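Right, one structure below, let's go through it.
Below, chain A is the first sequence line, B the second, and so on; all start at residue 1. From a predicted model like this one, the values you see are computed outputs, not experimental measurements. FYI, side chains are in, hydrogens and waters are out, and symmetry mates aren't considered; it's all heavy atoms of this structure.
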There are 2 protein chains.
Amino acid sequence: MNIEEKLKASIRDVKDFPKEGIIFKDITPIMMDPKLSNDVLDHLEEIYKKQDIDVVAGIESRGFLFGYPLAMRLGLPFVLIRKKGKLPYNKISHDYDLEYGSATIEMHTDAVGHKQKVLIHDDLLATGGSAEAAALLIKKSGGEIAGFNFLVSLDFLNGEEKIKEFSNNIINLASY
Amino acid sequence: MNIEEKLKASIRDVKDFPKEGIIFKDITPIMMDPKLSNDVLDHLEEIYKKQDIDVVAGIESRGFLFGYPLAMRLGLPFVLIRKKGKLPYNKISHDYDLEYGSATIEMHTDAVGHKQKVLIHDDLLATGGSAEAAALLIKKSGGEIAGFNFLVSLDFLNGEEKIKEFSNNIINLASY
């Protein structure tokens, strides 16, 4: 099996979560499988070691799971993009709209240097709202977007449309 | 420098976070340093590879950062202990008291098998409230506590007192 087939064999569909009518892609079985976890990281390392990246940024909290190990594989710093109020030090923030209401994400001001090339990682690309917000936050901080990486993409939600203006380098391992 | 000295050189004190009078131990500089990150994992792997552990469990969300890479180093499944409403599948939960109010943590029912030995990991041991709650959740699920691991311990808060009844195998890398 290739990596997409392996991931799809592991990812679990959960009906009606977080609300009725939604089929949620549960990635926790991947974490329960150390062999598959390492295969995923081998695959990501192979892709990104050839690319010009200075920093990997992960979006709280499932983006921490593969983002940090990927950064370590690449020998790069890992930056945490967190929900409002979680980071202790000097921060920049970005507000964005959700389906209902709004949200704020934050990053430390010293996390991304001027013109550093940042790979944004999250577990899942849905509508692209979080990834777009992360890209805007990084640009506000003076960084550049080297690309986006997701384990899973829900293609019918057209998330790529929302983020391709920042970078065409969008890679996801399992598309639905 | 030994690992404790290296960690203490990297961890940043942030005054008055999350509220006045508290000095917060900011571990984000560790994640920005891939060499130190790998040193920490080498050190943890060396300790735990000799121990009888079936599963590593990490407490959301900073416990995901080192918990999952450690599980991968040990070739073991990684289990997510999350705040209420985040996990999609069949769950067990545990309520516990905080300084103000209460909190609920959850775990998937299929995450820990009967009598499996679980190493509980979090970034920081403070009063021990979260670690105790995690231990009770795992016992409720039929698992056993193999030990506790923290990057940092605030010894003056006596967290070890609260959790040593579950296991005496409590290891933290940097004590304050």
What is the minimum heavy-atom distance between [X] and [Y], and which atoms define it?
| X | Y | value |
| --- | --- | --- |
| B:P88 | A:V14 | O-CG1, 3.3 Å |
| A:Y68 | B:I30 | OH-O, 4.3 Å |
| A:S61 | B:S61 | CB-CB, 3.5 Å |
| A:M32 | B:A111 | CE-O, 3.4 Å |

Does any heavy atom of chain A fall under 4.5 Å from the side chain of [X], the backbone, both, or neither of them?
| X | value |
| --- | --- |
| B:R73 | neither |
| B:K35 | neither |
| B:K25 | neither |

Side chain / backbone / both / neither for A:K15 at chain B, heavy atoms under 4.5 Å: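 No part of it gets close to chain B.
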
A:D110 versus chain B, the contacting section by heavy-atom distance below 4.5 Å: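 Contact with chain B is through both the backbone and side chain of A:D110.
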
Side-chain heavy atoms of B:L80 within contact of A:L65, under 4.5 Å: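 Heavy-atom side-chain distance check passes, below 4.5 Å.
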
Side-chain heavy atoms of A:M72 within contact of B:P69, under 4.5 Å: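 Side-chain contact under 4.5 Å: yes.
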
Verify the neighbour count for atom [atom1] of [X]: are there more than 12 heavy atoms of other residues, nucleotides or ligands below 6.0 Å?
| X | atom1 | value |
| --- | --- | --- |
| B:K139 | NZ | no |
| B:K83 | NZ | yes |
| B:E20 | CD | no |

Any chance you could measure [X], atom [atom1], to [Y], atom [atom2], to the nearest 0.5 Å?
| X | Y | atom1 | atom2 | value |
| --- | --- | --- | --- | --- |
| B:T28 | A:R82 | OG1 | CZ | 9.5 Å |
| A:L76 | B:M31 | CG | CE | 15.0 Å |
| B:E60 | A:R62 | CD | CZ | 9.0 Å |

According to a hydrophobic-cluster definition based on side-chain heavy atoms being under 4.5 Å apart (Ile, Leu, Val, Met, Phe, Trp, Tyr only), do [X] and [Y] belong together?
| X | Y | answer |
| --- | --- | --- |
| A:V55 | A:I120 | yes |
| B:I47 | B:I3 | yes |
| A:F148 | A:I81 | yes |
| B:L137 | B:L119 | no |
| A:I170 | A:L136 | yes |

Between B:F78, B:Y89, B:F66, the one whose heavy-atom pairs under 4.5 Å with chain A are most numerous: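 So the answer, after comparing B:F78, B:Y89, B:F66, is B:Y89.
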
Residue among B:D16, B:L41, B:L87 with most heavy-atom pairs under 4.5 Å to chain A: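 The candidate making the most pairs under 4.5 Å is B:L87.
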
Chain B interface, residue from A:A71, A:P34, A:G58 that has the most non-hydrogen pairs under 4.5 Å: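 Going by pairs under 4.5 Å, I would pick A:P34.
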
